[in-house]
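Following: one structure in structure tokens, then a few remarks.
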Amino acid sequence: MARRAKVKAKARTAVKKSAGKKVMKLKAKKAAAKAAANGLPRPSAKPWGQAGKALDGVRILDFTHVQSGPTCTQLLAYMGADVIKVERPGVGDITRGQLRDVKGADSLYFTMLNGSKRSITIDSKHPKGKEILDRLIKHCDVLVENFAPGALDRMGLTWEHIHKTNPRMIVASVKGFGPGPYEDCKVYENVAQCAGGAASTTGFRDGPPLVTGAQIGDSGTGLHLAFGIVSALYQRIRTGRGQRVLCAMQDGVLNLARVKLRDQQRLAHGPLREYSQFGEGIPFGDAVPRAGNDSGGGQPGRFITQAPVWGPICDLIGKPEWKTDPDYAKPPARLPRLKHIFTTIEQWTMTKTKFQVMDICNKLDIPVGPILSMKEIAEEPSLRKTGTVVEVDHPTRGKYLTVGNPVKMSDSVTEVKRSPLLGEHTDEILSKVLGYSAAEMAAIKASGAITAPEKTKAEAA
Ligand code: COA
């Protein structure tokens, strides 16, 4: 009896052990599968481009104005984020009225920087307005702003307050300068181009410093900020918490002008041989000079006449003898003769249209590009086809052109929508995003926190 019981007990233990082993094996298998999948969802089975947009589900509290901040949030909107632009009741973003071309309609300055966004009006200094903003902070992932230094704090929206209200919130700012002697200064485009090193290195040697037409201070910094925000969103997946993201316009411009800081350091080791002034025998000072249209890419002068294409260029311009002439055959020999060489090339290009030059040279692998006017760009069919230039319709100004998403993605389709009218989505956001009841909305309206005329009434009361 005792023996039989012992055998039974042993058998039970064996069964238990093998069951336990099976469970362990299953768990290990699951863990392995999870590790192999990196804990991420399985790839979507939906067709490419139909599985939503890259930033679907990300909500942005857009406190930006003028150009730098709006460039950033418009790009995020193009990528699929729900961008809620907060504007001052009755006034809105100052650019709505700047450079107006159509009476009574939002300017192109505004419409081309605020597409695909929603607009809500809130007086951020009104107690009820502050309440709405706090609720928005709880419902959003990122707050983006480019106010003057200290303005956000003066509204009571300090980092500490925001982080306490929503620890996952990312707070992204454009400022003119980073911490340092100029951190309290207000900054616009030209100031940034000057302080970031672009202006001192742009223009002709014997002329004044110039700013470029491309808005590298404003739009360039907005672009940098968008990169910071997306990185912070990615890090938040791991850490579960938001962080502050700062992009100073001076830093953004310098990042784009980095080849000139490269040349500044090279200057310590001798003259910059690829600059036209070297070939012309003009001595260098102790700072990188302006170099006209000389390229920063390292090839001599303003034309790209790199060694591999020198032969075909000589044939094209009717100077086949330059291929073997010791004064022209090798790049160092050409340096003192750049002006003459470029003039000869131009004598040939002047016999053709810019598009003919493009056709002829590209067939020979010689990189060239036509100088396109904005008119030509606006009318270029291929840019319309790719969505880089988009026509949208606006209720008060009619059709206008805007620049679509310059970044093309195979699984995230960009939808470029017209810019919102001032406060166009106030009711929709209060009720559908923030969940205010009809009675609460009536109270908000009466308080003067979201509408300029009501504010006058409330103040008068
Ligand atoms: N409700 C109530 N007040 C609001 C508001 C709202 N919805 N939105 C803005 N304001 C207030 C701000 O709180 C601020 O008030 P305060 O000075 O009493 O604190 C005021 O409007 C003006 O904001 P500010 O940013 O100082 O605007 P500005 O026109 O004086 O300066 C810039 C404009 C661009 C120079 C400045 O914002 C700046 O330097 N920004 C950072 C750098 C930048 O982005 N520059 C490039 C812009 S393209």
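Here the structure is a predicted model, which means the values were calculated and not measured. Position 1 is the first residue of the sequence, and the numbers go up from there. In each ligand, atom 1 is the first atom listed, and ligand 1 is the first ligand listed.
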Measure the distance from [atom] to every protein heavy atom, then report the residue, atom name and distance (to 0.1 Å) of the closest one.
{"atom": "atom 12 (C) of ligand 1", "result": "Met155 CE, 3.8 Å"}
{"atom": "atom 28 (P) of ligand 1", "result": "Lys186 NZ, 3.7 Å"}
{"atom": "atom 40 (N) of ligand 1", "result": "Asn146 O, 2.9 Å"}
{"atom": "atom 3 (N) of ligand 1", "result": "Ser124 OG, 3.6 Å"}
{"atom": "atom 7 (N) of ligand 1", "result": "Ile122 O, 2.9 Å"}
{"atom": "atom 16 (P) of ligand 1", "result": "Lys125 NZ, 3.5 Å"}

Ligand 1 atoms in contact with [X] (distance to a heavy atom under 4.0 Å):
{"X": "Gln67", "answer": "48 (S)"}
{"X": "Asp123", "answer": "1 (N), 2 (C)"}
{"X": "Val66", "answer": "47 (C), 48 (S)"}
{"X": "Val174", "answer": "41 (C), 44 (O)"}

Pick whichever of [options] has a heavy atom sitting closest to [atom].
{"atom": "atom 36 (C) of ligand 1", "options": "Pro70, Ala148, Gly222", "value": "Ala148"}
{"atom": "atom 39 (O) of ligand 1", "options": "Leu113, Val91, Val187", "value": "Val187"}
{"atom": "atom 8 (N) of ligand 1", "options": "Phe147, Phe177, Tyr188", "value": "Phe147"}

Decide whether [X] and [Y] meet the rule of one side-chain donor and one side-chain acceptor closer than 3.5 Å.
{"X": "Gln67", "Y": "Ser219", "answer": "yes"}
{"X": "Asn166", "Y": "His139", "answer": "no"}
{"X": "Asn114", "Y": "Lys85", "answer": "yes"}
{"X": "Thr73", "Y": "Asp62", "answer": "yes"}

Heavy-atom contact check, 4.0 Å cutoff: does [X] meet ligand 1?
{"X": "Met249", "answer": "yes"}
{"X": "His65", "answer": "yes"}
{"X": "Ser68", "answer": "yes"}

Tell me, yes or no, whether the heavy-atom count around Arg262 atom CZ, taken from other residues, nucleotides or ligands under 6.0 Å, exceeds 12.
yes
With a sphere of 6.0 Å drawn around CZ of Phe355, does it hold more than 12 non-hydrogen atoms of other residues, nucleotides or ligands?
yes
Which bit of [X] gets closer than 4.0 Å to ligand 1, counting heavy atoms only: side chain, backbone, both or neither?
{"X": "Glu87", "value": "backbone"}
{"X": "Arg154", "value": "side chain"}
{"X": "Ile94", "value": "neither"}

Going by the side-chain contact (heavy atoms from CB on, under 4.5 Å) test, name the single residue among Ile94, Val174, Thr71 that passes it with Val66.
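Going through the options one by one, the only one that passes is Ile94.
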Short N or O distance, [X] and ligand 1, threshold 3.5 Å exclusive:
{"X": "Arg88", "result": "yes"}
{"X": "Gly176", "result": "no"}
{"X": "Asp218", "result": "no"}
{"X": "Cys185", "result": "no"}

Please evaluate residues Arg397 and Asp101 with respect to the criterion salt bridge (charged side-chain N to carboxylate O under 4.0 Å, His left out), reporting the C-alpha separation (whole Å), side-chain torsions for both, the decisive distance (0.1 Å), and the verdict.
CA-CA 9 Å; Arg397 68 170 304 116; Asp101 56 330; 2.6 Å; yes
Salt bridge (charged side-chain N to carboxylate O under 4.0 Å, His left out) assessment of Lys445 paired with Asp427:
CA-CA 10 Å; Lys445 277 183 190 164; Asp427 283 0; 3.2 Å; yes
Between Tyr182 and Phe177, how do the two ring planes meet: parallel, tilted or perpendicular, split at 30° and 60°?
tilted
Would Lys385 and Glu380 count as a salt bridge (charged side-chain N to carboxylate O under 4.0 Å, His left out) here? Give the steps.
CA-CA 9 Å; Lys385 212 168 164 195; Glu380 172 57 43; over 6 Å; no
Taking Asp411 first and then Lys46, would you say they form a salt bridge - that is, a charged N and a carboxylate O separated by under 4.0 Å?
no
Less than 4.0 Å between a side-chain N and a carboxylate O, is that true for Arg96 and Glu87?
yes
Yes or no on salt bridge (charged side-chain N to carboxylate O under 4.0 Å, His left out) for Asp123 and Arg88, after CA distance, side-chain angles and deciding distance?
CA-CA 5 Å; Asp123 181 344; Arg88 207 198 302 226; over 6 Å; no
